[in-house]
Amino acid sequence: MPRAIVAYVKYVDRFNRIVGRLAILLYSSISKAFFLLAIWTLEVAQFLMAAYYILGGGYSMQLHAHVRMDLLYGRWSRKGMAFSDTLTSVCLIAYLVLLLMGGISSTDYALQYGERSYSSWAPYMAPIKLLMCFGIFLMLLQAIAFFFKDLAAVRGLTVEGRPLPEYELSDEVQS
């Protein structure tokens, strides 16, 4: 693969790993320290959980933690799996692009009109919408990185150009 693609995959993987771990650590710390009884507790919890899941999306993709329907897939060769993954990656990328476009439009509206939640606390919606757009963008970058990895695997190579091992552990398990 070209150096630009190798660098892209390397940096997107690293960045999503950092953001995912930070989201997990921050949620854990904040939920233990600040969730006292107040009118805003439920809404803050919802916002934090949304940020937690969205910001951790790219990282959980890296760890292969998303659910897969494995009726035939597990019986295929690594190249067959990679070919199937390239096709589904195209669908995922298209979905994430549309989701990001909708998120940007919704965030723009929230910023332009000062949109607030309809609860008694009535927080501004723009911050959580900005975080969601950022998380969707990170997942889009990770989906593109996976597309390149799988495209290389179809050719029997890693993204760096080395021969593909028979069974490849995720980066997280190796380190």
Side-chain angles (χ1 to χ4, degrees), residues 1-28 31 45-107 128-175:
M1 287 281 177
R3 282 188 210 162
I5 291 176
V6 173
Y8 172 85
V9 169
K10 177 182 170 184
Y11 291 113
V12 167
D13 279 355
R14 184 179 300 151
F15 191 71
N16 270 310
R17 185 177 305 115
I18 291 167
V19 170
R21 286 180 178 173
L22 280 175
I24 290 168
L25 293 173
L26 284 175
Y27 172 75
S28 177
S31 66
Q46 290 171 339
F47 287 172
L48 286 173
M49 286 306 293
Y52 172 72
Y53 285 114
I54 296 281
L55 291 175
Y59 183 55
S60 64
M61 268 184 82
Q62 256 183 16
L63 299 178
H64 302 283
H66 288 92
V67 176
R68 289 189 179 190
M69 183 82 169
D70 190 9
L71 296 175
L72 302 172
Y73 186 84
R75 297 183 182 133
W76 296 344
S77 68
R78 176 66 179 112
K79 284 184 181 183
M81 289 178 184
F83 180 74
S84 170
D85 288 344
T86 57
L87 298 177
T88 57
S89 288
V90 170
C91 295
L92 176 61
I93 290 167
Y95 171 74
L96 289 170
V97 165
L98 291 174
L99 192 63
L100 183 60
M101 288 169 52
I104 290 170
S105 173
S106 182
T107 303
I128 191 63
K129 289 184 177 189
L130 284 166
L131 271 176
M132 290 175 73
C133 286
F134 181 64
I136 292 165
F137 180 69
L138 290 179
M139 193 159 177
L140 175 62
L141 293 178
Q142 190 65 52
I144 294 168
F146 263 91
F147 174 78
F148 289 137
K149 288 178 184 181
D150 290 325
L151 198 58
V154 167
R155 297 172 56 203
L157 303 169
T158 64
V159 76
E160 292 87 7
R162 294 188 300 268
L164 189 67
E166 185 61 32
Y167 178 74
E168 190 176 71
L169 295 173
S170 72
D171 296 340
E172 194 63 27
V173 175
Q174 289 176 357
S175 54

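Just so it is clear, the values below take in all heavy atoms, side chains as well, and ignore hydrogens, waters and symmetry mates. Bear in mind the structure is a predicted one, so any value in this text is a computation, not a measurement.
Partners of Val90 according to the side-chain contact (heavy atoms from CB on, under 4.5 Å) rule, which considers only residues two or more places apart in sequence or in another chain, are Phe147. Residues that satisfy the ring-ring contact (aromatic ring centres under 6.0 Å, His included) test with Tyr73, not counting sequence neighbours, are Trp76.
Of the N and O atoms on the side chains of Gln62 and Asn16, not one donor lies less than 3.5 Å from an acceptor on the other residue.
The backbone N or O of Asp85 lies less than 3.5 Å from a partner atom in the side chain of Ser89, making a donor-acceptor pair.
Leu131 is listed as a side-chain neighbour of Leu55, based on a closest heavy-atom distance under 4.5 Å. Between Asp150 and Arg78, the closest side-chain pair of non-hydrogen atoms falls below 4.5 Å. Taking the side chain as every heavy atom from C-beta outward, Leu157 and Met1 never approach each other to under 4.5 Å.
The line from CD1 of Ile136 to CD1 of Ile104 is 9.0 Å long, rounded to the nearest 0.5 Å. To the nearest 0.5 Å, atoms CG (Leu151) and CZ (Phe83) are separated by 10.5 Å. In this structure, CG on Asp13 lies 6.0 Å from CZ on Arg17, to the nearest 0.5 angstrom. Taking CG of Leu138 as the reference point, atom SG of Cys133 lies at 11.5 Å (rounded to 0.5 Å). Between atom CD of residue Glu160 and atom NZ of residue Lys10 there is a gap of 9.0 Å, rounded to the nearest 0.5 Å. Annotation: the span from Thr107 atom OG1 to Phe134 atom CZ amounts to 13.0 Å, rounded to 0.5 Å.
Minimum interatomic distance between Ile54 and Gly135 (heavy atoms only, all atoms of both residues): CG2-CA, 3.4 Å. Of all non-hydrogen atoms in Ala82 and Val154, the two that sit nearest each other are C-CG2, 3.7 Å. Residues Lys79 and Ala153 share a closest heavy-atom pair of CG-O, 3.4 Å. Between Ser60 and Gly57 the shortest heavy-atom distance is OG-O, 3.0 Å.
Within 6.0 Å of atom CE in Met101, 12 or fewer heavy atoms from other residues, nucleotides or ligands are found, so the atom counts as exposed in its surroundings. Within a 6.0 Å radius of OH in Tyr8, more than 12 heavy atoms belonging to other residues, nucleotides or ligands are found. Heavy-atom contacts from other residues, nucleotides or ligands closer than 6.0 Å to CE of Met61 number more than 12.
None of Leu141, Leu140, Ile144 except one satisfies the side-chain contact (heavy atoms from CB on, under 4.5 Å) rule with Leu96; the exception is Leu140.
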